[in-house]
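The sequence lines fix the lettering, A, B, ..., with proteins before strands; numbering per chain opens at 1. Quantities reported herein were computed from a predicted structural model and do not represent experimental measurements.
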Amino acid sequence: MPELPEVETTRRGVAPALVGKRVVAAHVYDRRLRWPVPAGLERALEGRTLAGVDRRSKYLLFRFAGALATDTLLVHLGMTGSLRVYKRAPARKPHDHVDIVFDGKLTLRYRDPRRFGTMLWIEGDAATHPLIAPLGAEPFSTAFDAGMLHRGTRGRRVAIKLALMDNKLVVGVGNIYANEALFRAGIRPTKAAGRLSRERLAALVDAVRSTLADAIAAGGSTLRDYVGSGGDPGAFQLGYAVYGREGAPCRTCGTRIKAIRQGQRSTYYCPRCQT
DNA sequence: CTTTGCACCTGTTGGC
DNA sequence: TGCCAACAGGTGCAAA
């Protein structure tokens, strides 16, 4: 999936076109996502007006205000999901699984080749939903700071990269940006999280924020399957410092970038700059 | 409790 | 050129 910058870019692309619009119809062509798309989703959506689009971690929360309560369409893009808005939807292509048609035939289309994504309907308070409630700090919130990381990692021997990708601690840091942020902070991904000083964790907090912010500013990474919600391919101009650069010279010191595996995911780092 | 590894699924890539 | 194994943005869950 898109990582957090792509999700945020999608939110910003999709929301302005749809907020305030009423759902005319919803079509689910394939319910087999990570969890089945609920059978009653079409009927639940019909006639409802979109009040706003929020993001929590990599979940998009489409808010539908009602007379009694606000209900939420919860969407996660998984690894390969994408959302696009069409003024007039073209013919459906393979892997286009859901269409939500608003006033004026404006269509929100969900596509996801690998179907690792999620589309659920939550009645009432979404914050208490089992997928949302356990989530850790938002990287741009004040809750995410060195003290919190320090407390959350004491006595833990997990590698800092895996801790960074642990959603119960901090959300929204996927494989690419975990690699990039650790490079910016000069921290070796294999370092035991519980042994890092508060100062180094503070540097990591800054690095995570700046890495994500740069990517959001650039409109999200260029991903094979990602298409910006407006239809333009995401153009992440800021090249990766380490991700995918095994054997290539470090942009800072020229040392060859190393690749290892941690938790079945690829890790890249500079053996000289990252200690 | 923490940590590890698997599972879900399809498409692309790289090596032989 | 063709085939096939390995790998790819995520993350819940079971097992150790």
Side-chain angles (χ1 to χ4, degrees), chain A residues 1-11 29-37 55-60 74-83 93-98 110-120 129-136 139 149 151-181 189-195 208 211-212 215-216 218-229 233-236 238 240 242-247 259-268:
Chain A
M1 131 184 175
E3 292 213 32
L4 184 136
E6 287 77 14
V7 177
E8 181 59 22
T9 300
T10 298
R11 190 188 70 79
Y29 306 107
D30 194 338
R31 319 196 88 90
R32 300 171 304 164
L33 300 186
R34 175 144 204 207
W35 292 282
V37 177
R55 180 188 59 72
R56 175 76 173 98
S57 184
K58 295 172 188 171
Y59 291 95
L60 288 170
L74 186 73
V75 178
H76 194 293
L77 302 175
M79 290 260 246
T80 53
S82 59
L83 285 170
K93 297 228 263 305
H95 312 305
D96 290 343
H97 303 314
V98 180
Y110 177 77
R111 170 188 159 82
D112 188 357
R114 283 173 80 176
R115 291 189 277 113
F116 283 179
T118 301
M119 191 171 291
L120 295 174
H129 188 276
L131 289 174
I132 302 297
L135 294 173
L149 262 191
R151 282 190 300 278
T153 56
R154 285 318 92 175
R156 295 185 57 188
R157 46 190 96 189
V158 260
I160 184 60
K161 186 194 174 212
L162 297 178
L164 203 51
M165 294 177 69
D166 178 357
N167 277 339
K168 286 170 183 48
L169 215 57
V170 55
V171 301
V173 186
N175 194 42
I176 293 177
Y177 298 116
N179 279 293
E180 294 297 306
T190 51
K191 271 269 177 205
R195 291 182 183 282
V208 166
T211 305
L212 293 176
I216 291 169
S221 306
T222 298
L223 301 173
R224 257 197 308 284
D225 292 316
Y226 179 74
V227 177
S229 47
F236 187 26
L238 165 110
Y240 296 136
V242 289
Y243 184 79
R245 297 191 67 238
E246 180 179 13
I260 59 173
R261 283 187 86 75
Q262 289 180 287
Q264 296 88 234
R265 314 301 296 274
S266 292
T267 293
Y268 303 89

Side chain [X], main chain [Y], donor-acceptor under 3.5 Å:
X         : Y         : result
Arg115(A) : Arg32(A)  : yes
Glu8(A)   : Pro5(A)   : no
His97(A)  : Asp112(A) : yes

What's the closest nucleotide to the [X] side chain, out of [options]?
X         : options                  : value
Tyr243(A) : dG11(B), dA8(C), dG5(B)  : dA8(C)
Ser266(A) : dC7(C), dT2(B), dT10(B)  : dC7(C)
His95(A)  : dG10(C), dT10(B), dT3(B) : dT10(B)

Next item on the list: Check ring-ring contact (aromatic ring centres under 6.0 Å, His included) between Tyr243(A) and all other residues, then give those that pass, not counting sequence neighbours.
Entry: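 Checked Tyr243(A) against ring-ring contact (aromatic ring centres under 6.0 Å, His included); matches are Tyr240(A), Tyr268(A).
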Table of protein N/O atoms under 3.5 Å from nucleotides 12-16 of chain C N/O atoms:
{"from": "dG12(C)", "atom 1": "OP1", "to": "Tyr59(A)", "atom 2": "OH", "distance (Å)": "3.2"}
{"from": "dG12(C)", "atom 1": "O4'", "to": "Arg34(A)", "atom 2": "NH2", "distance (Å)": "2.9"}

Checklist line | Any side-chain heavy-atom pair of Tyr29(A) and Val98(A) under 4.5 Å | finding: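 The answer is no, as the side chains (C-beta and beyond) never meet within the 4.5 Å cut-off.
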Next item on the list: For residues Leu77(A) and Leu83(A), determine if any side-chain heavy atom of one lies less than 4.5 Å from a side-chain heavy atom of the other.
Entry: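 Sidechains of Leu83(A) and Leu77(A): in contact.
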Margin query: Using OP1 and OP2 only, check whether a side-chain N or O of His76(A) sits under 4.0 Å from dT11(C).
Written below: yes
Notebook entry, point to check: Does dA8(C) have OP1 or OP2 sitting under 4.0 Å from an N or O in the side chain of Arg261(A)?
Noted result: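 Answer is yes, contact under 4.0 Å.
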Nucleotide [N], atom [atom2] - distance to [atom1] of [X] in whole Å:
X         : N       : atom1 : atom2 : value
Leu77(A)  : dC8(B)  : CG    : P     : 22 Å
Ile176(A) : dT11(C) : CD1   : P     : 13 Å
Met119(A) : dC8(B)  : CE    : P     : 22 Å
Leu169(A) : dT3(B)  : CG    : C1'   : 14 Å
Lys161(A) : dT4(B)  : NZ    : C1'   : 15 Å
Arg265(A) : dT11(C) : CZ    : P     : 9 Å
Glu3(A)   : dT11(C) : CD    : C1'   : 13 Å
Leu162(A) : dT2(B)  : CG    : C1'   : 12 Å

Item checked: Nearest-0.5 Å distance, CE of residue Met79(A) to CZ of residue Arg114(A) ->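 Taking CE in Met79(A) and CZ in Arg114(A), the distance rounds to 4.0 Å.
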Margin query: Distance check, rounded to the nearest 0.5 Å: Thr118(A) atom OG1 versus Lys58(A) atom NZ?
Written below: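 Thr118(A) OG1 to Lys58(A) NZ: 12.5 Å, rounded to 0.5 Å.
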Notebook entry, point to check: Stacking here means centres under 5.5 Å and planes under 30°; does Phe116(A) stack on dC8(B)?
Noted result: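 Stacked: centres under 5.5 Å apart, planes under 30°.
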Margin query: Going by the rule salt bridge (charged side-chain N to carboxylate O under 4.0 Å, His left out), which residues pair with Arg261(A) if we only count those two or more places apart in sequence or in a different chain?
Written below: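 Salt bridge (charged side-chain N to carboxylate O under 4.0 Å, His left out) check on Arg261(A) returns nothing, list empty.
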Counting only pairs under 3.5 Å, give me each side-chain donor-acceptor contact of residues 156-164 of chain A, with atom names and distances, residues two or more places apart or in other chains.
{"from": "Lys161(A)", "atom 1": "NZ", "to": "Asn175(A)", "atom 2": "OD1", "distance (Å)": "2.6"}
{"from": "Lys161(A)", "atom 1": "NZ", "to": "Ser266(A)", "atom 2": "O", "distance (Å)": "3.1"}
{"from": "Lys161(A)", "atom 1": "NZ", "to": "Thr267(A)", "atom 2": "OG1", "distance (Å)": "2.8"}

Can you give me the N/O atom pairs linking the protein to nucleotides 14-16 of chain B at distances under 3.5 Å, or say none if there are none?
none

Next item on the list: Mind listing the closest non-hydrogen atom pair of Gly172(A) and Leu212(A) along with its distance?
Entry: O-CD2, 4.1 Å
Margin query: Less than 3.5 Å apart, any donor N or O on the side chain of Tyr177(A) or Asn179(A) sitting next to an acceptor on the other?
Written below: no
Notebook entry, point to check: Just checking Arg32(A): base, sugar-phosphate only, or nothing, at a heavy-atom cut-off of under 4.0 Å?
Noted result: nothing
Next item on the list: For dA6(C) versus dC6(B), give the span between their P atoms, rounded off to a whole number of Å.
Entry: 13 Å
Item checked: No-H, no-angle donor-acceptor pair, Arg114(A) side chain to dC9(B) base, under 3.5 Å -> yes
Notebook entry, point to check: Where does DNA chain B pair, written as one dot-bracket string 5' to 3', with Watson-Crick or G-U pairs under 3.5 Å, ( ) inside the strand, [ ] for crossing pairs and | for another strand?
Noted result: .|||||||.|||||||
